[in-house]
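The block underneath contains the structure these notes are about, expressed in structure tokens.
Reminder, nothing fancy here: chain letters follow the sequence lines and each chain counts from 1.
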Amino acid sequence: MKVSRYLIPTLKENPSDAVVTSHRLMMRAGLIRKESAGMYSYLPMGLKVLRKIINIVKEEMDRAGALECLMPELTNADLWKESGRWYTMGPEMFRIEDRNGLEYALGPTHEEAFTHLVRTVVSSYRDLPLNLYQINTKFRDEIRPRFGVIRSKEFIMKDAYSFDVDEKGLDESYNAMAKAYRRIFERCGLETIPVQADSGNMGGSASEEFMVASEIGEEVLLLCDSCDYRANSEKAEYRSITAESEPQESLREVHTPDIKTIDDLVNFFNCQPDKFFKSIIYVYDGKPVMVVVPGSRDVNEHKLKNYLGALELELASEEIVIKVTGAPLGFAGPVGLKDLRIICDVSIRSLCNGVTGANKKDYHFAGVNPGRDFEIKEEADITIARSGDLCPKCNGKMYEKKGIEVGHIFKLGYKYTKAMNVTVLDEKGEAITPIMGCYGIGINRTMAAIVEQCSDDKGIIWPKEVTPFHVHLVGIAKNDEEIRQIEEIYDMLIDSGIDVLYDDRKVSPGFKFADADLIGIPLRITVGKNYFAKGEVELKERSKAEALSIAKNNIVAEIKKYYSA
RNA sequence: CGGGGCGUGGCUCAGUCCGGCUAGAGCGCGUGGUUUGGGACCAUGAGAUCGGAGGUUCGAAUCCUCUCGCCCCGACCA
């Protein structure tokens, strides 16, 4: 491909609305253009990369035995009503009506669609296992699109759904995907960190997220420094430290006018935040519940939701807080509350002589001791782990890292097959419900993550398997005869089956080199004065500083060597 | 949704506070010429309803009101 006939609108300056590396470089290298917030066009070279990623995903999915399908983007509301998600999905689902008033959703995910498909085509255990996937556009009305292509309203996703007769089968399907994912990301040139993740309220037993470590990541990971424990903060457990015991003080009421927050309390009582029984009222599935955690800790709503087995969980409004505690916000506590379900974090038991709200405006209790002053009826790990916490596996220290989630696999269970009434007959002729797994990869986001991870201050450095072209041929010619000689090399490369981008523009060499660095094709061949004088071309790897002088006859072999290594 | 910021040739920005003449610069683009191994140079040229609507004024990119779009932070831990 000749640059003069291609479309690579590179930008010398950073676009003003691109703030992260991948977004900036993808814009500047002429791969994408923004159409609107959270919506991007892919230009020819950007599309080429996207397709390479897609092909890797396809090859590995196929190798793992999954079958590609293509589902409609427009999904009938009835399907969503059947699973209940029409009502629980909320505003992130784009909903539309046709001219007759029939309701549809622009698919944000396709569990229902695939479950429905399977139910119409599968009837015997002999038809299973089945793992169906597609690579298709998803629509989500994101609360806030950001970071270019990393969080957008419209994106391409590979989503796969496995159906097995039993849990053992699901284990196999799941493990096959876990393996395929590792191969996919490795081939994409990405270093991913597989972490344990929360599988939501699907009743799923296993879930793994594939994260790319990055400062701009929107997920927080906890990694152990001495073993292989790594988990999403939504899921991460930690070993709580038992507080030192001290002689029990007596319970006393303290006047705390307008002292509501933990910070206020720390100042007022002049002690550590962990001396406070932070008491928070939530509403789960319409019912109020109080959770009690150490003052310095945050409630992990995912853990709490899982513990409660709740479909919905939200902080209680002030109204409800007043109703169940008798006091305005800021003065709730477990002491003396009889009719409210109270869940204590596992670390509460060992806190002594603490402080908590007195359920009375402007009053707190001090000298509070669990067991004596309030009963611990329910105990669970419901707080967010953080840097410095002890690893639940080995007692090592954990540290935090931010990551971009590029893939997620998890055991779904029976949620959809049950809700949508999918059955097959087993060997005995009895109806059984298949069990599902679900496996996603964000394609655009994977591309952004690659750029995020594989770039320097000059531009992108594409990994071998996803580079838009194999070689960037830079010609520096002073006359027609020299152009002819460069084109000889260009033709030779094409004839050897090498995908070459030939910069034939009439611009200065520096301009071409700068563009080549920006675009990031891993190999660059420069044909200029050394070739016309000595028959030598320059071969340079984008990732290295020094170049190699080689003869024309060795070019093809060198390129093939690079790509087969 | 709450807070903050920004909309001026294709791109990056100045001008706006304190209203005043044909709205500027750099980059990019067209033409002619000189250049050619790390974003060349000279000459010349095209290109802007100053996001949109309404208002104030003799006069609005600039002031006021409304509106649209975009970016960033946050989104309830008492």
At under 4.0 Å between heavy atoms, how does the protein contact nucleotides 25-36 of chain B? Give one character per nucleotide, 5' to 3', with B, S or -. -BSS-------B

Candidate pair S22(A) and E452(A), rule side chain to side chain donor-acceptor pair (under 3.5 Å), full reasoning: CA-CA 5 Å; S22(A) 55; E452(A) 218 37 73; 2.6 Å; yes

Give none if [N] has no partner; otherwise give the nucleotide forming a Watson-Crick or G-U wobble pair with it, both distances under 3.5 Å.
N	value
G74(B)	C1(B)
G32(B)	C42(B)
C66(B)	G52(B)
C21(B)	none
G26(B)	C11(B)
G47(B)	none
A61(B)	none

Using whole Å, what does the distance between atom [atom2] of nucleotide [N] and atom [atom1] of [X] come to?
X	N	atom1	atom2	result
Y531(A)	G37(B)	OH	C1'	17 Å
R146(A)	C70(B)	CZ	C1'	15 Å
I343(A)	C77(B)	CD1	P	19 Å
E218(A)	A75(B)	CD	P	13 Å
K34(A)	G10(B)	NZ	C1'	16 Å
Y282(A)	C77(B)	OH	P	9 Å

Look at the rings of Y363(A) and H255(A) and say which category their plane angle falls in: under 30° parallel, 30 to 60° tilted, over 60° perpendicular. tilted

Which of parallel (below 30°), tilted (30 to 60°) and perpendicular (above 60°) describes Y40(A) and H23(A)? perpendicular

Taking only side-chain nitrogens and oxygens of S16(A), does any of them come within less than 4.0 Å of OP1 or OP2 of C13(B)? yes

Using the [atom1] atom as the reference point in each nucleotide, state the distance between [N] and [M] in Å, no decimals.
N	M	atom1	answer
U62(B)	C6(B)	P	15 Å
G15(B)	G7(B)	P	10 Å
G26(B)	G9(B)	C1'	13 Å
G59(B)	A23(B)	C1'	16 Å

Sugar-phosphate, base or nothing in reach of [X], heavy atoms under 4.0 Å:
X	result
N14(A)	sugar-phosphate
R144(A)	base
I280(A)	base
A316(A)	base
R33(A)	nothing
T526(A)	base
D298(A)	base
P9(A)	nothing
A37(A)	sugar-phosphate
V293(A)	nothing

Distance criterion of 3.5 Å, no angle test: do you see the side chain of R524(A) paired donor-to-acceptor with the base of G38(B)?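 Such a pair is found, so the answer is yes.
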
Minimal non-hydrogen separation, A449(A) against V406(A), with atom names: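 That closest heavy-atom pairing would be CB-CG1, 3.9 Å.
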
Checking side-chain polar atoms at under 3.5 Å, does N530(A) have a donor or acceptor matched by the opposite partner on E536(A)? no

Can you tell which of G38(B), C72(B), G37(B) lies closest to the side chain of K458(A)?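 When the side chain of K458(A) is considered, G38(B) is the closest of G38(B), C72(B), G37(B).
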
Can you tell me if N369(A) uses its side chain to pair, donor with acceptor, with the backbone of R372(A) under 3.5 Å?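 Absent.
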
